[in-house]
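Structure record follows, encoded as structure tokens.
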Amino acid sequence: MSPTTENTLATPVGTTLERYIMRKQSEFAYATGELSQLLRDIALAGKIVNRDVNRAGLSRITGAMGEKNIQGENQQKLDVEANIRFVRALTNGGEACAVLSEEDEDIIQTGNVNGKYVVAIDPLDGSSNIDVNVSIGTIFSIYRRVSRIGGPARKEDFLQGGRAQIAAGYVLYGSSTMLVYTTGHGVAGFTYENSLGEFFLSHPDIKIPRQGPVFSCNEGNWFDYPEFVRTFLTTCKERRLTARYVGSLVADYHRNLFTGGIYLYPPTVDKPEGKLRLLYECYPLAYLIEQAGGVAVSGADVLLDVPPTRDLHQRAPIFVGSADLVEELRCIATK
């Protein structure tokens, strides 16, 4: 046997997502296996979407559908594809009684009336970037239902507020595909190994630096931003922080999570309530960043404490990232 072969065989394969979930199951508030299965279902759908994204240019599923979704945004072919994949996986898994998706106006009842959980999801965030081969992602949030088990899910199951989340995370489809999630006990990251078809633990305890060298926003909207945002961005430039903005929420968030920095999607003149959706974009990313030692605010208010309205597709501003940077912005916002 050659030295190279010996070295390869001596290298451990690593911890799979499945094994990690089993080890951590005792940390769940309700350690009966349903939440573990729910995370597996999300991972399975992520694998399928990863495959679809990788072959999008060859299978003619790039480009727009020619229709608009409930948000009034141009619906991409892959938006529809990813929505089907995740809803189907969560339905077949049996643990989710309902799904709230960016792509659908109303709650999607899975038919699993005995399911104890509901999932709010943006199946494919930044999908317009697929045509130019830019990283995109999936964002999800999980709640334990409050409605009667045995009946259909209700709005109240999704309107419990950000602090009621029991798990949240995202899948990044980039140069490598990663699943990053939290169940309220820190943040773990898993990298997808294509040849084995498995997610492996690659980042066991992710912590965002308290400071960071990056600010991420669309400066093309500078003149539409509130004064406190322009003041903060000016101080960032005076300190020679680096501007980095992909225009894909998960990609920008993921980079700043690892390097330190702040992501900003402020209110604007034409979108005074903000653009990103509270339940399946802002809440889950805020929950995850707090678990990683960061901060998320909507301006003066902590994002997880922003109360939901009756609108399932409620929008909110978001400023999220390294604690020192976000708190600095928050101080300016409260003056």
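Scope of the values below: all heavy atoms of this structure, side chains included, with no hydrogens, waters or symmetry mates.
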Less than 4.5 Å apart, side chain to side chain, heavy atoms only: is that true for [X] and [Y]?
X	Y	value
F140	I142	yes
I208	I289	yes
L312	L279	yes
T234	C236	no
I136	V53	yes

Working for side chain to side chain contact (heavy atoms under 4.5 Å, CB included), residues L241 and L325 = CA-CA 11 Å; L241 268 65; L325 285 171; 4.0 Å; yes
Who are the ring pair (Phe, Tyr, Trp, His ring centres under 6.0 Å) partners of [X], not counting sequence neighbours?
X	answer
Y225	none
F158	none
Y245	none

inquiry  = For R315 and E273: C-alpha separation, side-chain torsions, deciding distance, then whether salt bridge (Lys or Arg N to Asp or Glu O under 4.0 Å) applies.
reply    = CA-CA 6 Å; R315 297 173 187 264; E273 302 301 319; over 6 Å; no
How about [X]: does its [atom1] atom have over 12 heavy atoms from other parts shown lying under 6.0 Å from it?
X	atom1	value
R154	CZ	no
Q109	CD	yes
N194	CG	yes

Side chain to side chain donor-acceptor pair (under 3.5 Å) involving [X] - partner list, sequence neighbours excluded:
X	answer
Y143	none
Q37	R40, D41
S147	R145, D157
E156	R310

key: Name of the residue among V119, I121, I107 meeting side chain to side chain contact (heavy atoms under 4.5 Å, CB included) with S101   =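 Among the candidates, only I121 passes.
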task = Would you kindly say whether Y173 and T138 are connected by a side-chain donor-acceptor distance under 3.5 Å?
result = yes
inquiry  = Within the 3.5 Å criterion, strictly below it, is a donor on T16 or E198 matched to an acceptor on the partner's side chain?
reply    = no
query = By side-chain contact (heavy atoms from CB on, under 4.5 Å), which residues pair with S175, not counting sequence neighbours?
reply =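 S175 satisfies side-chain contact (heavy atoms from CB on, under 4.5 Å) with no residue once adjacent residues are dropped.
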key: Derivation of the side chain to side chain contact (heavy atoms under 4.5 Å, CB included) call for V99 and T110   = CA-CA 7 Å; V99 179; T110 64; 4.0 Å; yes
query = If you measure from the Lys or Arg side-chain nitrogens to the Asp or Glu carboxylate oxygens, is any gap between E81 and R85 under 4.0 Å?
reply = yes
Which residue pairs satisfy the salt bridge (Lys or Arg N to Asp or Glu O under 4.0 Å) criterion with at least one member in [range], sequence neighbours excluded?
range	value
residues 87-97	none
residues 318-330	R210-D324, R239-E328, E327-R330
residues 284-297	R163-E290

query = Which side-chain hydrogen bond (donor to acceptor under 3.5 Å, both in side chains) pairs, counting each pair once, include a residue from residues 257-266, with sequence neighbours left out?
reply = none
request  = Classify the ring geometry between F190 and Y181 as parallel (under 30°), tilted (30 to 60°) or perpendicular (over 60°).
outcome  = parallel
ask   = Hey, does the side chain of S322 reach the backbone of G261 with a donor-acceptor pair shorter than 3.5 angstrom?
value =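 Confirmed, S322 side chain pairs with G261 backbone.
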task = For side chain to side chain contact (heavy atoms under 4.5 Å, CB included), just list the numbers for E18 and F199, CA-CA rounded to whole Å, side-chain angles, deciding distance to a tenth of an Å, and then say yes or no.
result = CA-CA 8 Å; E18 176 82 13; F199 281 103; over 6 Å; no
